[in-house]
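Step one of this worksheet: look at the structure below.
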Amino acid sequence: MSFDVDRVRALYPALGDGYAYLDGAAGTQVPEAVIDAVAGAYRGGIGNVGGAFPASGRSDELVAECRRAVADLVGGTPDGVVLGPNMTTLTYRLAAALAAGWEPGDEVVVSRLDHDANVRPWLQAAARVGAVVRWAEVDPATGELPAGQFEGLVGERTRLVAVSAASNVLGTRPDLAAICATAHAAGALTYVDGVHAAVHGPVDAAAVGADLYATSAYKWSGPHVGAVVADPALLETLRPDKLASSPDQVPERFEQGTSPFADFAGVAAAVDHLAALDPDAAGTRRQRLLVSMAAAEAYELDLFGGLLDGLEAMGHVTIYGKAARRTATAYFTVAGHTPRQVAEHLTAREVNVWNGHNYAWELTGVLAIRDAGSAVRAGLVHYNNREDVDRLLEGVAGLG
Ligand SMILES: Cc1ncc(COP(=O)(O)O)c(C=O)c1O
């Protein structure tokens, strides 16, 4: 396993502007190969899908290759990859389709760790059919979402358990395999939000028991495209609202309107880029992804150790969350300064961080920080380096 951050950084033109990009959790930068793939698709001529002429055939192939690439990334099958504008839109669509089969008194389980995009669509769908919502709670002291509690939350009426593969603010990675096993033992489906997790390490949706696994390419070096990956046989059982004239087969049945075909070329290029993060990785794209993402994860977590140690040593900083398994994502406040002021102070030093609840709506409520502007998020991805971390620490130290 090998990882060379200087080589990786050179692939990202935007990093040349001198800023420390610690905002990747809200969307990463994209490598030249992705930009070229999108531009190349337009340059080469594309059309709408299903036509008789070659430019249309090129779009058919972009769609097919995008599905293959996303399937390789998360460990699914291409016919089970539903593509759409982003995870939130797709989750609303899937929630409506799934809830069409729910009865009053059925139950869904959601968690207070999750981004609101994996909470609100389920609450609203449940309310429409009279289903009962049960909440999995976070331990505010550690940021853990204890898996054991799900045994008391699921029962014979549970239809769905919605849970995150990783918190987009605390980085907490719940024990998905245990949670999904508990859901399956009760006959419930699982909807896993992998939007934050996917860039931070290898993903195997089937191995953890995710019946539906959601991801968003703009969080892993790709364009703004979302995907939900499921067994095509499960998708066959669902009947989403759709036009009479649009394709009825799976997965197209779930895709509304005309797709961003050129962006799909960028999605496939982003997956190829991730698969090559470790230049020594060999084998199929899926095999190279597993090796490369493990290399990226080891690199990020090592760098993150220094970031956390540095913040922890500052008496004026409060860090939220200390989960045993987490991504390289720090969430903190600085005494005497609002999160927005901290972000502005860091911006003046060309360090990009996010401030606010970042849509971790329930969680920032549990942590009792939402009304005060929540906290500052600094996240690492595979293109961040020691200098980025040092600049963050210097900037925050200056507020003490
Ligand atoms: C964990 C998590 N889930 C869901 C979303 C929503 O994703 P999208 O922007 O693709 O709708 C985000 C975006 O920030 C996220 O971080």
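Read the numbers this way: they start at 1 and go in the same order the structure lists the ligands and their atoms.
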Tell me: protein heavy atom nearest atom 15 (C) of ligand 1, and distance? H115 CD2, 3.2 Å
What residue and atom, counting heavy atoms only, is the protein's closest point to atom 9 (O) of ligand 1, and at what distance?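 Nearest protein contact, heavy atoms only, for atom 9 (O) of ligand 1 is Y218 OH, 2.5 Å.
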hydrophobic_cluster_shared for V396 and L303, side chain cutoff 4.5 Å: yes
Is D193 near ligand 1, meaning one of its heavy atoms is under 4.0 Å from it? yes
Has K219 got any heavy atom lying under 4.0 angstrom from an atom of ligand 1?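 Within the 4.0 Å threshold, so yes.
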For ligand 1, which atoms, with element, lie under 4.0 Å from some heavy atom of [X]?
X	answer
S216	8 (P), 10 (O)
H196	1 (C)
M87	4 (C), 7 (O), 8 (P), 10 (O), 11 (O)
N168	1 (C), 16 (O)

Hydrogens and angles aside, do W220 and T215 bring a side-chain donor and acceptor to less than 3.5 Å of each other? yes
With backbone taken as N, CA, C and O and side chain as the heavy atoms from C-beta onward, which portion of T88 lies under 4.0 Å from ligand 1: side chain, backbone, both, or neither? both
Taking the side chain as every heavy atom from C-beta outward, state whether T329 and N168 have any pair of such atoms under 4.5 Å apart. no
Below 4.5 Å, heavy atoms only, C-beta onward: do V351 and L22 meet side chain to side chain? yes
Please confirm whether H200 and F304 have ring centers closer than 6.0 angstrom. no
Between H273 and H382, does the ring centre distance come in under 6.0 Å?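 Yes, the ring of H273 comes within the 6.0 Å limit of the ring of H382, centre to centre.
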If we check side chain to side chain contact (heavy atoms under 4.5 Å, CB included) with L363, which of these qualifies: L145, N358, V138?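 Exactly one pass, corresponding to V138.
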